[in-house]
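Sequence lines set the chain letters: A, B, ... in the order given, protein chains first and strands last, and positions in each chain run from 1.
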There are 2 protein chains.
Amino acid sequence: MERVIASGSCVADGAASLTELDNEMHRESGSKSSSGRKHRLSAHEVLFYEGDRADRIYEVLDGVMMLYKLLPDGRRQVVYVLRAGDMLGFTNHDTFDCTAEALTAVELQVYETREVATSPLLQHYVNRCLLSQMEHLHEHTVLLGRKSAMERVATFLMSLVPDRGGANCAGPANRDAPDMRSVVLSMTRQEIADYLGLTIETVSRVISQLKRKGLIKVEKQDSIHIQNVCGICQLTGMH
Amino acid sequence: MERVIASGSCVADGAASLTELDNEMHRESGSKSSSGRKHRLSAHEVLFYEGDRADRIYEVLDGVMMLYKLLPDGRRQVVYVLRAGDMLGFTNHDTFDCTAEALTAVELQVYETREVATSPLLQHYVNRCLLSQMEHLHEHTVLLGRKSAMERVATFLMSLVPDRGGANCAGPANRDAPDMRSVVLSMTRQEIADYLGLTIETVSRVISQLKRKGLIKVEKQDSIHIQNVCGICQLTGMH
DNA sequence: CCTGTTCTTTGTTTCAAATCAAAAAATGTG
DNA sequence: CACATTTTTTGATTTGAAACAAAGAACAGG
């Protein structure tokens, strides 16, 4: 992945299949009138660029996306990671303030802006998403402003453990044996680094440290087995 | 100011005077039915603590407030600075996720949660605020994750220059001679440090550097004369 | 106006993470 | 499956900001 400092260009239009029924992933208010189109992205495809005209909002039905911003010299900061149920694309202005890129293959529900304005149900759901994102951003602000590299990585890992790091966790995942969980990162080391405000080398080193301490086991690059959830949790700086 | 790691306790109830008319500071949709109460805080008074039950939301009519979070060991991160027109207190849950403290004397408009639910006008305004805060948090995330100390302070100063750092700037302020502006910080060095993810010493040193370079002049502790807006702007990392 | 307190600045030292460099794994492709 | 490419890991060194320390300014209150 080259770190181009591009901008402009827009949605890579894909198969806009009119899909069956609203998936039951919504924790909130059952069905949300499945009038809209669906949109599919493959991994690392860009949905929209910062500065593009904003005319629709999206709900992640499946897969993982990220929002990021670039500085002119190429430094990147991932500002948000979106998973099933999360919404993206809302803005105060008529342009997007971040670039949205798929981390994995992604399925999206597409809503027109006016569609949101007319549906109170949808509006309510969008609002819930906004508030939940805001809260998460507050938490992430603390991470970036005040936590050590080890604390950042530990916090990141905990956020992937179902029912431990808030709502935003990776898929179904196994919650069988206590203190023995597997999490799927869905991000490269570089993406994790750009999310946690670190370098790729530091992320790698911290993961190695945790491995050496026996707290985690790296199954695949992308998949980490957390041997000791409590141990990791102690390292987040929050306990 | 001692850095207590307290929590609990609640709103220091003050003079809930029923005030005249809606102030005309609202850029949005003229009058917002001035049914509500007003609330006044003096500098460094806490409006609510993280974890307190959330039952009302507030609009800053005058003065400056901050939202912050504490880690158990006392590290603090200021996650947002609120000025006239900004709203605070909305949450996904029934508790606040941050502590809200006045940086200066503050006047607030108080809205009951149900009040917001019933007024479409108010709801619309709250939404605009949410989106604008979100956008600002994204920008601040980049600052905390990727910018140097110098870039952080320069960005902070620019945010206080009217019509240069987005909406969130200090009061009316003078926009007379080009390239000659005075900004009021409304924050101590410690508060700035906790906002920018730095230490008080680093903030002080960077300000001294800017002083030596002749880009700024410190009038009072709290008030900085920006001699060369372009110069500071070049240092934000965004140009 | 003096006096204690708090806040800010400046100097010195330390350290965690960045940078630079290169080997080792993993991944993809003809 | 061998080869080229990308990603990750590990090592050595540098560096920017933190931590520690202390002097100097600003401020509050009697």
Side-chain angles (χ1 to χ4, degrees), chain A residues 1-4 42-44 71 73-77 103-104 143-154 156 184-213 216-224 235 237, chain B residues 1-4 42-44 71 73-77 103-105 143-156 184-213 216-224 235 237:
Chain A
M1 192 263 294
E2 0 72 327
R3 324 190 92 224
V4 200
S42 39
H44 300 109
L71 290 174
D73 64 0
R75 280 174 288 175
R76 180 173 74 164
Q77 179 63 43
L103 285 167
T104 65
L143 179 145
L144 293 173
R146 289 296 177 222
K147 289 192 181 180
S148 70
M150 178 59 79
E151 288 170 332
R152 292 178 200 210
V153 172
F156 174 68
V184 177
L185 306 184
S186 320
M187 298 169 91
T188 66
R189 298 289 183 270
Q190 182 64 65
E191 287 155 354
I192 295 169
D194 287 346
Y195 183 45
L196 301 182
L198 301 170
T199 59
I200 187 174
E201 294 96 329
T202 300
V203 171
S204 182
R205 265 183 253 278
V206 170
I207 289 175
S208 296
Q209 268 183 266
L210 293 174
K211 213 161 37 178
R212 251 176 272 124
K213 288 206 232 172
I216 63 172
K217 191 167 283 183
V218 178
E219 300 170 324
K220 302 191 306 160
Q221 304 275 66
D222 204 32
S223 164
I224 288 184
L235 294 172
Chain B
M1 191 260 297
E2 1 71 326
R3 324 189 91 229
V4 199
S42 39
H44 300 110
L71 290 175
D73 63 2
R75 280 175 288 177
R76 180 173 74 163
Q77 178 64 43
L103 286 166
T104 65
L143 179 146
L144 293 173
R146 289 297 177 222
K147 290 192 182 179
S148 69
M150 178 58 80
E151 289 171 332
R152 292 179 200 209
V153 173
T155 305
F156 174 67
V184 177
L185 307 183
S186 320
M187 299 169 89
T188 65
R189 298 289 183 272
Q190 183 64 66
E191 286 154 355
I192 294 169
D194 287 346
Y195 184 45
L196 301 182
L198 301 170
T199 59
I200 187 175
E201 294 96 328
T202 298
V203 171
S204 182
R205 264 183 253 278
V206 170
I207 288 175
S208 295
Q209 269 182 264
L210 293 173
K211 215 161 33 179
R212 252 176 271 124
K213 289 206 231 172
I216 63 172
K217 191 167 282 181
V218 179
E219 301 171 326
K220 302 191 306 163
Q221 305 274 67
D222 204 32
S223 163
I224 288 184
L235 294 171

Subject >> Distance, rounded to the nearest Å, where E191(A) contributes CD and dT7(D) contributes P >> reply: 9 Å
Subject >> Donor-acceptor pair under 3.5 Å, R205(B) side chain vs dG16(D) base >> reply: no
**OP:** Just call it for L198(B): base, sugar-phosphate, or nothing, with non-hydrogen atoms closer than 4.0 Å on any strand.
**Re:** sugar-phosphate
Subject >> Heavy-atom closest pair, residues I207(B) and I216(B) >> reply: O-CD1, 3.7 Å
Original post:
So, for R146(A) and R76(B), which heavy atoms are closest and what is the spacing to 0.1 Å?
Top reply: NE-O, 2.8 Å
Original post:
D73(B) has an atom CG; how far is it from atom P of dA19(D), in whole Å?
Top reply: 10 Å
**OP:** Side chain of A149(A) only, please: which of dT8(C), dT8(D), dA17(C) is the nearest?
**Re:** dA17(C)
**OP:** Would you indicate what T188(B) reaches in the nucleic acid, counting non-hydrogen atoms under 4.0 angstrom: base, sugar-phosphate, or nothing?
**Re:** sugar-phosphate
Subject >> Spacing of R75(B) atom CZ relative to dA16(C) atom P, expressed in whole Å >> reply: 13 Å
Original post:
5'-most contact on DNA chain C: K147(A) or I200(B), nearest heavy atom basis?
Top reply: I200(B)
**OP:** Heavy atoms only: give me the nearest Q77(A)-D194(A) pair and the separation to one decimal.
**Re:** NE2-O, 3.0 Å
Original post:
Got a donor-acceptor contact below 3.5 angstrom from the R75(A) side chain to the G145(B) backbone?
Top reply: no
**OP:** Could you check whether S204(A) gets within reach of a base, just the sugar-phosphate, or nothing at all, counting any heavy atom under 4.0 Å?
**Re:** base
Original post:
Taking NZ, NE, NH1 and NH2 as the nitrogens, is one of them in K220(B) or D222(B) under 4.0 Å from a carboxylate oxygen of the other?
Top reply: no
Subject >> Selection from dA17(D), dT9(D), dA26(D) that lies nearest to any side-chain heavy atom of Q221(A) >> reply: dT9(D)
Original post:
Rounded to the Å, how far apart are Q190(A) CD and dT7(D) C1'?
Top reply: 10 Å
Original post:
Can you check the I224(A) CD1 to dT9(D) C1' distance for me, whole Å?
Top reply: 13 Å
Original post:
Between the base of dC20(D) and the side chain of E201(B), is there a donor-acceptor distance below 3.5 Å?
Top reply: yes
Original post:
Any donor-acceptor pair under 3.5 Å linking the side chain of R189(B) with the backbone of I200(B)?
Top reply: no
**OP:** Would you work out how much the helix from dC1(C)-dG30(D) to dG30(C)-dC1(D) bends between its ends, with each end axis defined by five base pairs, to 10 degrees?
**Re:** 50°
Subject >> Given dA17(C), dA17(D), dT8(C), the nucleotide with the shortest approach to the side chain of S148(A) >> reply: dA17(C)
**OP:** Work out which heavy atom in L103(B) is nearest to a heavy atom in A43(B); give both atom names and the distance.
**Re:** O-CB, 3.7 Å
Original post:
If each of R146(B) and M187(B) is mapped to the nucleotide of DNA chain C with the nearest heavy atom, which maps nearer the 5' terminus, i.e. the 5' end?
Top reply: M187(B)
Original post:
To the nearest Å, how far apart are K211(B) NZ and dT8(C) C1'?
Top reply: 9 Å
**OP:** For R212(A) and dT9(D), give me the distance from atom CZ to atom P, rounded to whole Å.
**Re:** 11 Å
